[in-house]
Amino acid sequence: MLQPVDADFTLVFQLADSSDTPVVPDAAPTWRIYDGEGGLVGDGTATPFLSGTIDSVSLAATAQITSVAHQLRGTVRVTISGVAGPTAVNATTTATVVSANAFTVPIDTSAADPYGGGGQWQAAGLYRIDIGSAVRGQLEPGHVYTVLADYAVSSARKVHQLEPLEAT
Amino acid sequence: MRHLGRFQLGDRLPVVVRTLVAGVPAWPAAPPLAVIYPLGGDLLDERQPAATLFLGAADPSAITGLYRRAVFLGPTFANWEGRYVLTVRWADADGAAHTRAWTFDVVPGGSSAGDITGMARVIRPGQDLLLVQRYDESLATALNPR
């Protein structure tokens with residue numbers, strides 16, 4: 001992948017199984033960039049590519065979650081955390097968009113405590129690596145770099161290799 | 001995640017996906033939805049898709065779960081010449097969500113109207129340009145992305 005290095009840039013990667021089901025790691029993946037001789041050029045922690053905050057959760061057989069201007073589309077596997085009250089929605093589940101500000105999840109909250117605030121969602125398995133000047137300044141045009149993401153699933157360590165990065 | 005390559009405004013981006021369940025091709029509950037996000041750093045709201053469109057089944061009588069579409073890189077891509085993230089999402093018959101993702105680049109020199117009829121590289125001292133001719137015979141220049 002050709003990558004101009006005269007400005008900050010972002011890489012995105014997906015963790016998924018052989019059926020394209022997004023994989024949720026135990027913690028945010030860490031990344032490393034190596035030059036052609038195996039020297040470490042930079043490292044850091046990846047962040048979710050798509051995420052948002054939760055404004056309310058309904059009490060219903062199929063919980064409806066309000067997240068203003070969530071910008072999700074279609075059916076998305078999401079990880080929800082930090083919700084107080086109907087805590088059963090703090091899980092990785094399938095979100096189905098019903099409007100620009102709401103989506104449903106197949107979780108029964110009808111007998112749960114009322115929404116008590118808080119909560120975030122993130123699209124499962126999609127992460128971004130933001131390359132700033134500190135690392136970018138070490139990338140030489142014409143050279144090819146290897147980018148690896150380390151993560152663990154149920155404590156089993158895995159490595160995901162991104163497309164080779166050819167600096168231009 | 002694969003990088004699909006470099007395209008210009010006016011090109012068609014080929015999107016092909018095979019929907020799988022447990023590694024076996026299967027029809028999804030509804031046609032897969034392609035959502036394309038600009039990856040523009042601080043310049044854009046990256047959660048605002050540049051395009052959202054359904055894929056169509058290719059040869060459904062013979063091939064299970066094969067979908068494709070040629071996405072025209074038109075005006076909605078004209079705001080950002082850079083990297084995009086293409087996601088294709090579908091739900092299987094059990095309601096489980098699946099996603100595939102790719103990246104691609106939109107580089108200078110195209111036209112969101114798809115009306116480029118000719119292109120040539122022009123090298124001048126300190127400049128490396130593309131000279132393009134449109135259908136109406138007007139000329140324009142763009143930095144050569146190389």
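Throughout, a chain's letter reflects where its sequence line sits, starting with A, and its residues are numbered from 1. It should be emphasised that the depicted structure is a prediction, and the values quoted were computed from it without experimental measurement.
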Count the heavy-atom pairs under 4.5 Å between each of [options] and chain B, then report the option with the highest count.
options                  : answer
S51(A), P106(A), A7(A)   : S51(A)
H160(A), H70(A), E163(A) : E163(A)
D17(A), T94(A), V78(A)   : T94(A)
D8(A), V76(A), T93(A)    : V76(A)

(request) Select all residues of residues 84-118 of chain B having any heavy atom within less than 4.5 Å of some heavy atom of chain A, and report them by number, or 'none'. (result) V85(B), T87(B), R89(B), W90(B), A91(B), G95(B), A96(B), A97(B), H98(B), T99(B), R100(B), A101(B), T103(B), D105(B)

Is it true that atom [atom1] of [X] has more than 12 heavy atoms of other residues, nucleotides or ligands lying nearer than 6.0 Å?
X       : atom1 : answer
Q127(B) : CD    : yes
R73(A)  : CZ    : yes
I63(B)  : CD1   : yes

Spell out, yes or no, whether [X] and [Y] are grouped together once hydrophobic residues are joined by side-chain heavy atoms under 4.5 Å, including indirect joins.
X       : Y       : value
L126(A) : L33(B)  : yes
F54(B)  : L72(A)  : yes
L50(A)  : V97(A)  : yes
Y135(B) : V132(B) : no
L4(B)   : L73(B)  : yes

(request) Could you list who else is in L162(A)'s hydrophobic cluster, with ILVMFWY side chains joined at under 4.5 Å, directly or through other members? (result) M1(A), V5(A), F9(A), L11(A), F13(A), L15(A), V23(A), W31(A), I33(A), V41(A), Y127(A), I129(A), I131(A), V135(A), L139(A), Y145(A), V147(A), Y151(A), V153(A), L165(A)

(message) Taking side chain as everything from C-beta outward and backbone as N, CA, C, O, which of these in T168(A) sits under 4.5 Å from a heavy atom of chain B? Side chain, backbone, both or neither.
(response) neither

(request) Could you look at T96(A) and say if it's the side chain, the backbone, both or neither that has a heavy atom under 4.5 Å from chain B? (result) neither

(message) Return the CE to CD distance between M1(B) and Q161(A), rounded to the nearest 0.5 Å.
(response) 14.5 Å

(request) Please state whether the side chain, the backbone, both or neither of R18(B) comes within less than 4.5 Å of a heavy atom of chain A. (result) backbone

(message) What I'd like to find out is whether the side chain of T10(A) reaches to under 4.5 Å of the side chain of R83(B), using heavy atoms alone.
(response) no

(request) Specify which of T52(B), T19(B), V24(B) makes the most heavy-atom pairs with chain A at under 4.5 Å. (result) T52(B)

(message) I need the minimum non-hydrogen distance between S19(A) and A22(B), along with the two atoms involved.
(response) OG-N, 2.9 Å

